Every structure is written in structure tokens, then in C-alpha cells.
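Reading through the C-alpha cells given below for one structure.
Numbering starts at 1 and runs along the sequence shown. Values in this document were obtained by computation on a predicted structure and should not be read as measured data.
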Amino acid sequence: MMKSLQITTPGKAEIIDLEEPRPAAGEALLSIEAVATCPHWDRHIYEGDPMFEGHKLDYPYWPGQPGHEAIGRVEAVGDGVDEGLVGRRVAVWRAAQPYMNGLYATHGIVDAERLLRIQEDLSAEKVTSLELAMCVQVSIDQLSEINAIAGKRILLGGLGPGGIVGLQLLKAAGAAEVVAIDPVAERRELALQLGADAAVPPGDPLVSVSRSGPDAFDAALDTTGLKVSIEALMNACKRAVAIFGVLREYVSLGPAQWYGGFFLIAYGEHNRGAAGRAYQGILDGQLDLTPLFSQKMPPSQYNKAVGPPHNMPGPQVLFH
């Protein structure tokens, strides 16, 4: 038998017993070492509020969901998977499908192609959120493909976990200057500690510029998904705005963006290459995931960590 977290009704999670699964062809069985919350995803599922348009939530929710930012050790593999993976420490670089068991559990099944071998000496705080880093790296790659980062002045909208990762990846990609925008003073202070050239609240004169003016920024990365944030970035940037944050509203591309070859970049595809680049950033010391975490606790404390009063979306919690 194994233990698994299950959100039984909105606002309530329990630890349940399940039969330990066996890997099918192409799969691996992991003994889970640590799982990190994904603030937006956990909050929405826990509160019964669909995160994506058209996503239907039924309760009890799938056991172990929405746990997906995880590391562990391979205990067994199914047919077609390299036996050499058994015993290896791995990170899950891509989330599982929503309608299958997740990784808030002692054990979990993962498609072997979604695993990336990691060093034994890396602490859980340094690598558990590799999946998040991969997701942000996708947007970084999109901007890099149009030469909108290296040597450029970049705006960063939002300093939640995605923004903190994005800041470091923008710097690693060669941005000449990164100015971050967030209403929370503590987040702005952390951004400065991690290398932001400036961190200001929305509406600050530094970022209230016109894309046709001399102080315009070259490009921007939005991690909020909010219409007000995206449109403010569009007004201030000459070249491009990449949208990482989950978009739930319509944004307006107007006459001010018609000229100059402006790019509004919707989110791209998760891919192993992005995971590898993010992981290399960790190894090279260019990406530090430890500031994402506010606390470490056992899965039995999930209700306390995710339920009210909370500061989500905000610092992540590491279940170890």
C-alpha cells in the first residue's frame, strides 16, 4: 500500500491509502522525495475554481493531483524503458495529464520521457521546481528566437514564482537590463537581491513610458496573465511581449502596436530541451530556485499550507 493526498471536496484534502501502482510500457514508478506546490494550480483545484476555461472539476479529485513539480527515485520501469534508469534520482520536467493520479503521494507513475536525471548532491529546494523553470524557459526561448533578450532592456510583469524564475532566466539569456513590476514590496526586494536592475510598483514613472518614446523598453515577459499587466507592457515595449501567465481575458492589440514589427507572443510548447536548459542554469549557478519556497512541511499539512488564510499565488511550499 501507499499513501496519497486527495482533495475530497473544495477546501478539504485528506491522506488516503492506495494500492502501489505498477509501471506499464513506457512508464516508470517513482518513490517520491519532494513535491512543490504550484500556487495558481493548487489554489484553483483546492478551492473548486477551474484554472483553465472549460476545465471541469469533479470531486473527489484525482488522487495525488495537482502535484506535479516533483523529484524522486526510480524504483521500477515498464517495457521499453531503459533498465539503467532504476535507482536513479530524477526530476519530473513535465506535468502529467490532469485526469490521472498526481504526485502528492509516496509513489507515482510517470511517463519515462517526462523524467530528467539529476545530481545526487542537489538539495530538494534547488531542483524540485524544475518543471516550473522549464515552463518559464519556453517563453525565454520564444523571445530569444526573435533576438529580443540579449543586450536588450526588458520589462518583467509579476514577481510570483514564475516571475522570480523569469528574472533569473532573462539575466542568464544576456538581458542588458531587467526592470520588474509588482505591487508587493517584499517581492520587489527579493527581485533586487536576485539581480533585477530595478523593481517598481505598477504605474511607476520608470515603466510608464511609450513604445514610441526614447525610454521605451525593447521587450517584456508577462507572468501574471492579467489584461491590465499585458497591455501596460505592450504600451511600453518596442519589439515584443511574451505571455507566460495563464490568459483568461482578451487583450487589445491596437494602432500603437501596428507599426514597427511588434510581436505579441502566446505561450509555446513544453519541451525537454527547455527543461535541459533550465537544469543547466541550476548547475551553472545562474538559476536559484530556493527563494521560491516559504516553508517545508509534510503532505499531511496540505490544508494548512494551501487553505485560507494564505498568500497564494505567492511563495511555494515544499512537501518533503
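- Counting heavy atoms from C-beta on, the side chains of I15 and P299 come closer than 4.5 Å.
- When the side chains of ILVMFWY residues are joined at heavy-atom separations under 4.5 Å, either directly or via intervening members, I154 and F217 end up in two distinct hydrophobic clusters.
- A donor-acceptor distance shorter than 3.5 angstrom exists from the side chain of H68 to the backbone of P66, with no hydrogens or angles considered.
- Rounding to the nearest 0.5 Å gives a distance of 8.0 Å between CE of M100 and CD of Q65.
- Of all non-hydrogen atoms in A105 and M2, the two that sit nearest each other are CB-CE, 3.6 Å.
- Salt-bridge formation is not detected for the pair R73/E75: no Lys NZ or Arg NE/NH1/NH2 atom is positioned less than 4.0 Å from an Asp or Glu carboxylate oxygen.
- From L116, atom CG reaches atom CH2 of W93 across 9.0 Å, with rounding to the nearest 0.5 Å.
- The backbone N or O of G158 lies less than 3.5 Å from a partner atom in the side chain of T223, making a donor-acceptor pair.
- Of the possible donor and acceptor atoms, none in the side chain of Y59 sits under 3.5 Å from a partner among the backbone N and O of T8.
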*Go through the steps to decide whether I181 and L156 satisfy the test side chain to side chain contact (heavy atoms under 4.5 Å, CB included), and finish with yes or no.*
CA-CA 6 Å; I181 307 170; L156 172 62; over 6 Å; no

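- Both tests pass for R211 against the ring of Y259: distance under 6.0 Å to the centre and angle within 45° of the axis.
- Across A191 and L167, no two heavy atoms sit closer than the pair O-CD2, 3.5 Å.
- M1 places a side-chain heavy atom less than 4.5 Å from the side chain of E19.
- Taking each heavy atom of G162 and V136 in turn, the nearest pair found is O-CG2, 3.9 Å.
- In this structure, the side chains of Y104 and P63 stay at 4.5 Å or more apart for every pair of heavy atoms.
- In this structure, H107 NE2 and I109 CD1 are separated by 10.0 Å, a value rounded to the nearest 0.5 Å.
- At least one donor-acceptor pair under 3.5 Å links the side chain of N271 to the backbone N or O of G273.
- Looking at heavy atoms from C-beta onward, L155 lies out of side-chain contact with V241 at the 4.5 angstrom threshold.
- R43 contributes no side-chain N or O that, together with a main-chain N or O of G307, makes up a donor-acceptor pair within less than 3.5 Å.
- The aromatic rings of Y267 and H270 sit perpendicular, their planes meeting at an angle over 60°, well past the 30° parallel limit.
- The distance from the CZ atom of R277 to the OG atom of S144 is 9.0 Å, given to the nearest 0.5 Å.
- L221 is listed as a side-chain neighbour of I140, based on a closest heavy-atom distance under 4.5 Å.
- Of the possible polar contacts, none joining the Q6 side chain to the A13 backbone as a donor-acceptor pair under 3.5 Å is found.
- Enclosure of atom CD in E269 is not indicated, since only 12 or fewer non-hydrogen atoms of other residues, nucleotides or ligands lie within 6.0 angstrom.
- Residues I265 and I243 are not in side-chain contact: their nearest non-hydrogen atoms beyond the backbone lie 4.5 Å or more apart.
- Under the 4.5 Å side-chain heavy-atom criterion for Ile, Leu, Val, Met, Phe, Trp and Tyr, V178 and I146 are members of the same hydrophobic cluster.
- T128 and E69 are not linked by any side-chain donor-acceptor pair at a separation below 3.5 angstrom, with hydrogens and angles left out of the test.
- The side-chain heavy atoms of L29 and V74, taken from C-beta on, include no pair separated by under 4.5 Å.
- Atoms CD1 and OG1, from I230 and T224 in turn, are 5.5 Å apart once rounded to the nearest 0.5 Å.
- Residues K152 and L143 are not in side-chain contact: their nearest non-hydrogen atoms beyond the backbone lie 4.5 Å or more apart.
- Residues M234 and F244 do not share a hydrophobic cluster, defined by chaining ILVMFWY side chains whose heavy atoms lie under 4.5 Å apart.
- Side-chain N or O atoms of Q257 include one that pairs as donor or acceptor with a backbone N or O of G254 at under 3.5 Å.
- I7 and L18 fall into different hydrophobic clusters, where Ile, Leu, Val, Met, Phe, Trp and Tyr are joined by side-chain heavy atoms under 4.5 Å apart, directly or via other members.
- The backbone N or O of A242 lies less than 3.5 Å from no partner atom in the side chain of Q142, so there is not a single donor-acceptor pair.
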*Worked verdict on K227 versus S252 for side chain to side chain contact (heavy atoms under 4.5 Å, CB included)*: CA-CA 9 Å; K227 173 184 173 72; S252 298; 3.8 Å; yes

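- For the pair R22 and E27, the salt-bridge criterion is not met [side-chain N within less than 4.0 Å of a carboxylate O].
- Annotation for A28 and L115: closest pair CB-CD1, 3.8 Å, computed over non-hydrogen atoms.
- Here the CG atom belonging to D121 is positioned 10.0 Å from the NZ atom belonging to K126, to the nearest 0.5 angstrom.
- Residue A36 comes nearest to S129 through the heavy atom pair CB-OG, 3.5 Å, listed as atom of the first residue, atom of the second, then distance.
- No side-chain donor-acceptor contact under 3.5 Å links D42 and T37.
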*Begin from the C-alpha positions of L132 and L292 and carry the test side chain to side chain contact (heavy atoms under 4.5 Å, CB included) through to its verdict.*
CA-CA 11 Å; L132 170 62; L292 300 180; 4.1 Å; yes

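- A side-chain donor-acceptor contact under 3.5 Å links Q137 and D141.
- Around atom CG of D284, more than 12 heavy atoms belonging to other residues, nucleotides or ligands sit under 6.0 Å away.
- Surrounding CD of E83 are at most 12 heavy atoms belonging to other residues, nucleotides or ligands under 6.0 Å away.
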*Do V127 and L289 pass the side chain to side chain contact (heavy atoms under 4.5 Å, CB included) test, and can you show the C-alpha distance, the side-chain angles, and the key distance before you say yes or no?*
CA-CA 7 Å; V127 71; L289 299 180; 5.7 Å; no

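- Using modelled atom types, one side-chain atom of R153 and one backbone atom of D215 make a donor-acceptor pair closer than 3.5 Å.
- Other residues, nucleotides and ligands contribute more than 12 heavy atoms inside 6.0 Å of the CZ atom of R272.
- Among all heavy-atom pairs drawn from S229 and D222, the shortest one is OG-OD1, 2.7 Å.
- Shown here is K12, whose NZ atom has no more than 12 heavy atoms of other residues, nucleotides or ligands within 6.0 Å.
- For the pair E177 (side chain) and D197 (backbone), a donor-acceptor distance under 3.5 Å is absent.
- Using a cut-off of 4.0 Å between Lys/Arg side-chain N and Asp/Glu carboxylate O, E33 and R89 are scored as salt-bridged.
- Using a cutoff of 4.0 Å between basic side-chain nitrogens and carboxylate oxygens, D182 and R187 are scored as salt-bridged.
- A continuous path of ILVMFWY side-chain contacts below 4.5 Å connects L103 to V81, so both sit in one hydrophobic cluster.
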